Number of protein chains: 2
Amino acid sequence: MDRRQEIIEAAAKSFTLFGYKATTMEQVAKIANVGKGTIYTFFANKEILFQEIAMSLVREMKAEADAVLDVSASFMDNAHHALMKMLQFREKHLLFAKLIEEEKELRTPAVKQVLIRIESEILSYMATLIQRRIDKGEIRDCDAELVSYLLLKAYLAFVVDWHELHGDMIPEEKILNLFKETIFRGLVL
Amino acid sequence: MDRRQEIIEAAAKSFTLFGYKATTMEQVAKIANVGKGTIYTFFANKEILFQEIAMSLVREMKAEADAVLDVSASFMDNAHHALMKMLQFREKHLLFAKLIEEEKELRTPAVKQVLIRIESEILSYMATLIQRRIDKGEIRDCDAELVSYLLLKAYLAFVVDWHELHGDMIPEEKILNLFKETIFRGLVL
DNA sequence: AGATGACCGAAATGGTTTTCTGGTCATTAT
DNA sequence: ATAATGACCAGAAAACCATTTCGGTCATCT
């Protein structure tokens with residue numbers, strides 16, 4: 001198997017297990033069965049290697065979100081399912097969960113940057129979907145970027161923040177119902 | 001002047017200047033012109049003194065929010081103005097701003113708790129106002145607690161988070177317009 | 001030409017000593 | 001008698017420094 005891929009997989013495994021900061025390049029080299037120097041023939045430094053892995057994480061998440069999209073379904077249902085799928089991915093995927101934890105506890109700057117980058121990828125992904133529905137005339141002609149931001153923040157608030165603050169989770173149906181009566185009702189023509 | 005009030009004002013001044021952690025009880029005693037022991041005849045400990053001051057901060061903020069309320073205005077206008085006023089208060093009031101900074105940088109647990117408490121006070125204040133409008137039949141019969149949470153999080157996202165992430169501020173009118181077309185449109189009957 | 005690991009400086013870690021600070025309480029002042 | 005005070009204490013935090021660790025390089029080896 002090609003060395004580059006071995007290294008990526010070894011690094012991903014180590015980041016998942018120990019986080020970004022606690023992963024050493026020597027560790028990665030050992031798992032990948034290469035010399036430490038070899039890593040640097042493929043990746044400029046630890047951070048670049050990390051970013052590459054993070055971006056493949058994004059691709060994976062987008063793919064899962066795409067999988068629940070249904071062109072014949074309403075904007076609301078698609079938005080809801082895609083957002084829920086992405087938020088579940090955040091918690092379910094071990095690397096993603098580890099990074100979120102590391103950002104909260106350790107404040108590792110490289111991790112913070114990567115999470116910001118991921119959020120911005122999600123936002124532009126959502127904006128594309130929204131724009132498509134606007135063009136189809138299904139929803140009001142709004143600023144897709146702002147609406148993406150509103151939807152993501154609203155879902156994060158109810159799915160993630162609420163749980164962290166109150167300890168209990170709001171049933172998905174209740175969330176959908178609330179947004180149906182507020183945000184989505186306003187958007188749909 | 002009564003010693004209790006002197007102490008509160010001295011402590012408020014010191015918390016504003018140096019934050020909670022960096023304020024020492026000796027410092028407060030000096031500013032208030034009392035012996036350190038005297039503080040403990042009025043307040044059980046540093047944290048209780050702090051909470052007392054934080055709660056008067058909340059009262060002040062509610063008063064400012066109340067001042068912009070207009071019973072004859074629409075729910076949307078009232079909600080918008082009250083929320084904007086409270087978010088401005090967050091940044092304008094030196095003690096409040098200092099606490100937010102300390103929570104972000106130092107993670108002082110006592111400060112975190114107080115900020116959570118303040119948020120919960122804001123939420124129940126908002127829930128009361130919303131419930132009043134529901135009873136008047138002006139807006140849909142929704143869960144006032146959930147809607148408060150949605151509104152607060154949405155405003156925080158656009159006024160505070162957006163600014164922290166992008167560096168620029170969204171014009172107030174643009175924010176109002178977005179919410180008018182989404183959240184509020186769904187709520188108003 | 002590509003891979004490697006010994007090597008380097010900078011940064012992190014950990015253990016020890018010193019300083020600081022919240023809270024108490026015997027003493028003092030009123 | 002009651003209220004105020006500041007010296008005092010134990011535990012927490014800071015400062016210090018010796019030692020280790022780690023990202024990245026490069027001379028050497030395959």
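Here the structure is a predicted model, which is why all the values come from computation and not from measurement.
Taking the six-membered ring for Trp, A:Y155 and A:F179 have ring centres closer than 6.0 Å.
Qualifying ring-ring contact (aromatic ring centres under 6.0 Å, His included) partners for A:H81, counting only residues two or more places apart in sequence or in other chains: none. Remark: B:F184 pairs with B:F75 by the ring-ring contact (aromatic ring centres under 6.0 Å, His included) rule, at least two apart or across chains. Residues passing the side chain to side chain donor-acceptor pair (under 3.5 Å) test with A:R4 are A:E52, sequence neighbours excluded. Applying the ring-ring contact (aromatic ring centres under 6.0 Å, His included) test to A:H93 and every residue at least two apart in sequence or in another chain returns A:F89. Scanning for side chain to side chain donor-acceptor pair (under 3.5 Å) contacts around B:D141 gives an empty result, with sequence neighbours left out.
Among residue pairs with one or both ends in residues 114-130 of chain A, those qualifying as salt bridge (Lys or Arg N to Asp or Glu O under 4.0 Å) are A:K62-A:E121, A:R117-A:E121; sequence neighbours excluded. Residue pairs meeting the ring pair (Phe, Tyr, Trp, His ring centres under 6.0 Å) criterion with at least one partner in residues 98-123 of chain A, sequence neighbours excluded, are absent. The ring pair (Phe, Tyr, Trp, His ring centres under 6.0 Å) pairs that include a residue from residues 108-151 of chain A are A:Y149-B:F158, A:Y149-B:W162, where partners are two or more places apart or lie in different chains.
Residue A:L165 belongs to a hydrophobic cluster whose other members are B:I116, with links defined by side-chain heavy atoms closer than 4.5 Å.
Chain B approaches DNA chain C within less than 4.0 angstrom (heavy atoms of the protein), and the contacting nucleotides run 5' to 3' from C:dT21 to C:dT24.
Between the P atom of D:dA12 and the NZ atom of B:K46 lies a distance of 15 Å, rounded to the nearest Å. The CD atom of A:E47 sits 18 Å away from the P atom of D:dC22 (whole-angstrom rounding).
For residues 16-28 of chain B, proximity to DNA chain C is found at B:T23, B:T24, B:M25, defined as any non-hydrogen atom under 4.0 angstrom from a strand atom. Less than 4.0 Å separates DNA chain D from at least one heavy atom of each of the following residues of residues 32-43 of chain A: A:K36, A:Y40.
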